[in-house]
Peer 1: 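My structure is below; once you've seen it, I'll send some questions.
None of the values given here were measured: they were computed from a predicted structure.
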Amino acid sequence: MTQQLAGHAPAPVTARMENHGNHMLKVAMQTGNDLFARVGSMVAYEGFVQYEPNPPAVRQIAKDWLTGEGAPLMKCSGDGLLYLADYGANVVVINLDGDGISVNATNLLAFDAHLTWGVERVKGLAKFAGQGLWNTRISGQGWVALTSRGKPIVVDCGGGEDETYVDPDALVAWSPNLKVKGKRSFRAQSLIGRGSGEAYQMAFSGQGIVVVQPSEDSTDRLRFRG
């Protein structure tokens with residue numbers, strides 16, 4: 001039996017964060033290199049790992065999250081291997097090299113605790129929505145893990161004049177230096193499916209990337225609120 005299951009055994013550790021298959025994250029934990037992770041995402045661990053739900057750093061930033069849609073986070077610390085997952089969603093690992101990323105809270109799985117992060121209102125959408133959109137911005141030197149409902153695509157906006165349009169319900173993350181604005185349209189085909197006839201898109205332009213998942217998950221994604 002052991003030989004038959006050998007292909008599912010953990011591979012040797014090569015990085016702080018890496019995928020184990022498409023749907024699981026493996027984190028190499030070390031004392032002094034703590035991790036913030038979504039509450040309830042731990043599926044297994046080896047060694048000595050401790051968990052602190054809703055730590056002070058998270059509570060402080062949560063005060064600024066006026067919409068009340070912040071991802072519930074726990075602080076993980078210790079030595080060993082930690083495995084995280086989110087109901088079978090695909091896991092995307094990103095190594096930030098002094099740059100940043102703006103992430104939808106529902107797609108945030110884990111990130112290094114030493115990274116600079118906070119909740120911010122997305123610029124360029126106030127007039128469009130009449131209210132606002134809040135996202136989590138993470139920057140610095142370290143690792144971030146996102147989730148996607150299906151294998152995502154990464155669109156390179158390229159820095160040209162053409163804009164990239166994305167359905168907000170399919171949006172996972174984007175480069176924070178991109179310009180963002182909203183677009184409202186009304187077409188007959190918008191009446192088909194889940195649409196009400198009035199369609200919204202987010203338009204991105206500039207130099208950077210946009211991560212899009214192959215699922216229009218509208219349960220609580222990118223909700224516009226004041």
Peer 1: Atom CG of L73 and atom CD of E52: how far apart are they, to the nearest 0.5 Å?
Peer 2: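 CD of E52 is found 12.0 Å from CG of L73.
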Peer 1: Taking D112 for the side chain and H114 for the main chain, is one N or O donor matched with an acceptor at less than 3.5 Å?
Peer 2: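 Between the backbone of H114 and the side chain of D112 there is no qualifying donor-acceptor contact (under 3.5 Å).
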Peer 1: Y165: what forms a side chain to side chain donor-acceptor pair (under 3.5 Å) with it, not counting sequence neighbours?
Peer 2: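 With neighbours one apart ignored, the set is E163.
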Peer 1: Applying the side chain to side chain contact (heavy atoms under 4.5 Å, CB included) test to I138, which of D99, L108, I94 qualifies?
Peer 2: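 Single pass found, and it is L108.
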Peer 1: Counting C-beta onward and ignoring hydrogens, is there a side-chain heavy-atom pair between D97 and Q141 closer than 4.5 Å?
Peer 2: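 Result yes, sub-4.5 Å side-chain heavy-atom pair found.
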Peer 1: For a 4.5 angstrom cut-off between non-hydrogen side-chain atoms, does C157 reach Q207?
Peer 2: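 No, their side chains stay 4.5 Å or more apart.
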Peer 1: Using the rule side chain to side chain contact (heavy atoms under 4.5 Å, CB included), only one of V210, V211, N104 pairs with L171; which is it?
Peer 2: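 The single option meeting the side chain to side chain contact (heavy atoms under 4.5 Å, CB included) with L171 is V210.
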Peer 1: Would you say R16's side chain and A28's backbone share a donor-acceptor pair under 3.5 angstrom?
Peer 2: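 Here the side-chain-to-backbone pair exists.
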Peer 1: Treating Ile, Leu, Val, Met, Phe, Trp and Tyr as nodes and any side-chain heavy-atom pair under 4.5 angstrom as an edge, say whether V13 and W143 lie in one connected cluster.
Peer 2: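 Different clusters: V13 never reaches W143 through Ile, Leu, Val, Met, Phe, Trp or Tyr contacts under 4.5 Å.
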Peer 1: Just grab all the side chain to side chain donor-acceptor pair (under 3.5 Å) pairs involving residues 79-94, residues at least two apart or on different chains.
Peer 2: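 For residues 79-94: T31-D79, D86-R149.
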Peer 1: Looking at L178 and G206, what are the two nearest heavy atoms and their distance?
Peer 2: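 Taking L178 first and G206 second, the nearest heavy atoms are CD2-C, 3.6 Å.
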Peer 1: Examine I101 and F111 and state if one hydrophobic cluster contains both, with Ile, Leu, Val, Met, Phe, Trp and Tyr joined whenever side-chain heavy atoms are less than 4.5 Å apart.
Peer 2: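 In one cluster: yes.
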Peer 1: Considering non-hydrogen atoms only, spot the tightest contact between S139 and L115 and give its length.
Peer 2: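 For S139 versus L115, the nearest heavy atoms are O-CD2, 3.5 Å.
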Peer 1: Hey, can you tell me if Y51 and Y45 have their rings parallel, tilted or perpendicular (30° and 60° cut-offs)?
Peer 2: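 Answer is perpendicular, since the angle exceeds 60°.
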Peer 1: Linking I/L/V/M/F/W/Y whenever their side-chain heavy atoms sit closer than 4.5 Å, directly or via other members, would V154 and V172 fall into one cluster?
Peer 2: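 As far as the 4.5 Å side-chain criterion goes, V172 and V154 are connected within one cluster.
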Peer 1: I need the single residue from I209, V155, V180 that forms a side chain to side chain contact (heavy atoms under 4.5 Å, CB included) with W174. Which is it?
Peer 2: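 Checked I209, V155, V180 against W174; only one passes side chain to side chain contact (heavy atoms under 4.5 Å, CB included): V180.
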Peer 1: From H20 NE2 over to L84 CG, what is the distance, rounded to the nearest 0.5 angstrom?
Peer 2: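 Reported value, rounded in 0.5 Å steps: 13.0 Å.
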Peer 1: Do L35 and K75 touch side chain to side chain, with heavy atoms closer than 4.5 Å?
Peer 2: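 With C-beta onward as the side chain, the pair stays apart.
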Peer 1: Flag the pair E18 / V93 as yes when at least one side-chain heavy-atom distance between them is below 4.5 Å, and no otherwise.
Peer 2: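 Sidechains of V93 and E18: no contact.
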Peer 1: Any non-hydrogen side-chain atom of S148 less than 4.5 Å from a side-chain atom of P214?
Peer 2: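 They are in contact (side-chain heavy atoms under 4.5 Å apart), so the answer is yes.
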